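These numbers were taken from a predicted model, which means no experiment stands behind them. Along the sequence shown, residues carry numbers from 1.
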Amino acid sequence: MANIIEITDFSAAELDVYARLSEAQLLNREHPELGMFIAESPIVIGRALDTGYEPVSILIQREHIDSHGRDIISRCGNVPVYTADFDVLTQLTGFKLTRGMLCAMRRPPLPTVEDICRSARRVAVLENVVNPTNVGAIIRSAAALNIDAVLLTPACSDPLYRRAIRVSMGTVFQIPWTYIGQSISDWPEQGMDHLKQLGFRTVAMALTNDSVSIKNEALLAEERLAIILGTEGEGLSDHTIACCDYKVKIPMSHGVDSLNVAAASAVAFWQLCS
């Protein structure tokens, strides 16, 4: 039977996860075993449950308990289900809930690079992509366009930030991902060496004088590729570009010099992973 709890006290400690804790506090770097994240909307929450993520509690608009949220609530056992009207929840969280539902979930331990790359042919590497929206969009494209795993440098935004999860439409739970390196200083030297030890040829998405077309036949024939995409605005670092086996550009027209990193990722994945 669902454990429905009417919200009567905004200051209740059990509501901190929805109302007062920042993304960094939820991450809990000092005690990662206690880390949590927030999944938003029944579709996204369902995808997290499908892949084994553990729910802690639910926050739901009252009118959705017996409609949009019914199946999710039934799948979450006896976890607390906090509820109130739309205006109350908006005041509590500071934003309008997508489909009237949030779920606090536990963060699982991250897999190793070796684990998720063992049988991978195509992986995406995100270098210092700091916008959660871009991280979520890239992961969604990766899942849709045959990328086997996503690796993030330590300076990247967390894929389990609420906005990244929402933009990814829950695909962040479906495609394997982890960080390559423990600290910012581990990239690019150690990280690039790691990729090469695992048998990957590296592809820098970069506008350089020696860039080859994304349709290059030798590139397409490579057995294992790590496709490296750079931070918003500045793109990849010169050091990373210099270390890569290939420098690749997407042909442009009408005087446009480049695409947003999320858009570029979709084009690259489509061409290099089909």
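- No donor-acceptor pair under 3.5 Å is formed between the side chain of T90 and the backbone N or O of D87.
- By the side-chain hydrogen bond (donor to acceptor under 3.5 Å, both in side chains) test, Y161 pairs with no residue at all, sequence neighbours left out.
- Looking at every heavy atom in both residues, I214 comes nearest to P251 through CG2-CD, 4.3 Å.
- Put simply, the side chain of D148 gets close to the backbone of R122: a donor and an acceptor are under 3.5 Å apart.
- Between A206 and I241, the closest heavy-atom pair is CB-CD1, 3.7 Å.
- Between L151 and L126 there is no side-chain heavy-atom pair separated by less than 4.5 Å.
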Inset, instruction - Would you check, one step at a time, whether the test side-chain contact (heavy atoms from CB on, under 4.5 Å) holds for L220 with Q271? - result: CA-CA 8 Å; L220 297 176; Q271 181 66 37; 3.8 Å; yes
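- With T83 contributing its side chain and I60 its backbone, the two residues share a donor-acceptor pair below 3.5 Å.
- A donor and an acceptor atom, one from each side chain of R166 and S41, are nowhere located under 3.5 Å apart.
- No side-chain heavy atom of V125 sits under 4.5 Å from any side-chain heavy atom of V150.
- Atom SG of C273 and atom CD1 of I147 lie 3.5 Å apart (nearest 0.5 Å).
- Looking at heavy atoms from C-beta onward, L229 lies out of side-chain contact with V129 at the 4.5 angstrom threshold.
- Taking each heavy atom of V167 and A137 in turn, the nearest pair found is CG1-N, 3.6 Å.
- Using a 4.5 Å heavy-atom cutoff, the side chains of Q190 and D193 are not in contact.
- Linking ILVMFWY residues whenever their side-chain heavy atoms come closer than 4.5 Å, directly or via other members, places V248 and V267 in the same cluster.
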Legend entry - Worked verdict on E23 versus R162 for salt bridge (Lys or Arg N to Asp or Glu O under 4.0 Å): CA-CA 8 Å; E23 298 275 21; R162 183 179 64 87; 5.0 Å; no
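- H68 NE2 to I73 CD1: the interatomic distance, rounded to the nearest 0.5 Å, is 12.0 Å.
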Inset, instruction - Decide side-chain contact (heavy atoms from CB on, under 4.5 Å) for C117 and F200; before the verdict, give the C-alpha distance in whole Å, the side-chain angles of both, and the deciding distance to 0.1 Å. - result: CA-CA 10 Å; C117 290; F200 286 97; 4.0 Å; yes
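- For residues 151-160, the set of pairs meeting the salt bridge (charged side-chain N to carboxylate O under 4.0 Å, His left out) definition, not counting sequence neighbours, comprises R107-D158.
- For the 3.5 Å distance criterion, the side chains of T112 and D115 qualify, holding a donor opposite an acceptor.
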Legend entry - Residues D66, R70; criterion salt bridge (Lys or Arg N to Asp or Glu O under 4.0 Å); working and verdict: CA-CA 5 Å; D66 293 319; R70 181 177 57 193; over 6 Å; no
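- Side chain to side chain, E6 and Y82 fail the donor-acceptor criterion of an N or O pair below 3.5 Å.
- Nearest heavy atoms, A204 versus C244: CB-SG, 3.6 Å.
- Taking all atoms of both residues into account, the shortest heavy-atom contact from I227 to L272 is CD1-CD1, 3.8 Å.
- I250 is listed as a side-chain neighbour of M205, based on a closest heavy-atom distance under 4.5 Å.
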Result block: side-chain N/O donor-acceptor pairs under 3.5 angstrom for residues 231-239, not counting sequence neighbours:
residue : atom : partner : partner atom : Å
T231    : OG1  : N128    : O            : 2.7
E232    : OE1  : V130    : N            : 3.3
E232    : OE2  : N131    : N            : 3.1
E232    : OE2  : N134    : ND2          : 3.0
S237    : OG   : T240    : N            : 3.1
S237    : OG   : T240    : OG1          : 2.8
H239    : ND1  : E189    : OE2          : 3.4

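- Between the N216 side chain and the L219 main chain, a donor and an acceptor come within less than 3.5 Å of each other.
- Between the side chain of E127 and the main chain of I228, no donor-acceptor pair closer than 3.5 Å is present.
- Taking R140 as the reference, nothing meets the salt bridge (charged side-chain N to carboxylate O under 4.0 Å, His left out) condition, with sequence neighbours excluded.
- With 3.5 Å as the limit, one finds a donor-acceptor pair spanning the side chains of Y18 and S57.
- Following chains of ILVMFWY side-chain contacts shorter than 4.5 Å, one can reach L152 starting from I175, so the two form part of one hydrophobic cluster.
- Using a 4.5 Å cut-off on side-chain heavy atoms (C-beta onward), V44 and V172 make no contact.
- Atoms CG and CG, on L26 and L34 in that order, are 12.0 Å from each other to the nearest 0.5 Å.
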Legend entry - Test log, rule side-chain contact (heavy atoms from CB on, under 4.5 Å), inputs R106 and F37: CA-CA 7 Å; R106 298 198 186 280; F37 65 91; over 6 Å; no
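- More than 12 non-hydrogen atoms from other residues, nucleotides or ligands lie less than 6.0 angstrom from CD of E33.
- One finds the CD1 atom of I7 at 9.0 Å from the CD atom of E14 (value rounded to the nearest 0.5 Å).
- Side-chain N or O atoms of T178 include none that pairs as donor or acceptor with a backbone N or O of V113 at under 3.5 Å.
- Scanning all heavy atoms of the two residues, the minimum distance from I180 to G191 falls at CD1-O, 3.6 Å.
- Sorted by first then second residue, the ring pair (Phe, Tyr, Trp, His ring centres under 6.0 Å) pairs that include residues 176-195, not counting sequence neighbours, number zero.
- I139 is listed as a side-chain neighbour of P159, based on a closest heavy-atom distance under 4.5 Å.
- A distance-only check finds a donor-acceptor pair linking the side chain of D245 to the backbone of T202 [under 3.5 Å].
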Inset, instruction - Just do the side-chain contact (heavy atoms from CB on, under 4.5 Å) check on I138 and S265 with the steps written out, would you? - result: CA-CA 6 Å; I138 293 169; S265 73; 3.7 Å; yes
When the side chains of residues 45-56 are checked against the rest of the protein, which donor-acceptor pairs come out under 3.5 Å, sequence neighbours left out?
residue : atom : partner : partner atom : Å
R47     : NH1  : M169    : O            : 2.4
D50     : OD1  : R75     : NH1          : 3.2
D50     : OD1  : R75     : NH2          : 2.8
T51     : OG1  : R47     : O            : 3.1
T51     : OG1  : A48     : O            : 3.2
T51     : OG1  : F173    : O            : 3.4

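- A continuous path of Ile, Leu, Val, Met, Phe, Trp and Tyr side chains, each step under 4.5 Å between heavy atoms, connects F10 with I5, placing both in one hydrophobic cluster.
- L225 and I116 end up in different hydrophobic clusters when Ile, Leu, Val, Met, Phe, Trp and Tyr side chains are linked at under 4.5 Å.
- The number of heavy atoms from other shown groups lying within 6.0 Å of CD1 (I43) does not exceed 12.
- Contact of the P132 side chain with the V135 side chain is not registered, since no non-hydrogen atoms from C-beta on lie closer than 4.5 Å.
- Ion pairing between a basic and an acidic side chain is recognised when a charged N comes within 4.0 Å of a carboxylate O; E223 and R121 show such pairing.
- By the neighbour-count criterion of 12 heavy atoms within 6.0 Å, atom NZ of K215 is sparsely surrounded, having that number or fewer from other residues, nucleotides or ligands.
- Separating the OG atom in S211 from the NZ atom in K247 is a distance of 8.5 Å, to the nearest 0.5 Å.
- In this structure, CE in M36 is found 8.5 Å from CG in N28, a value given to the nearest 0.5 Å.
- Under the 4.5 Å side-chain heavy-atom criterion for grouping Ile, Leu, Val, Met, Phe, Trp and Tyr, L27 is not connected to M105 through any hydrophobic cluster.
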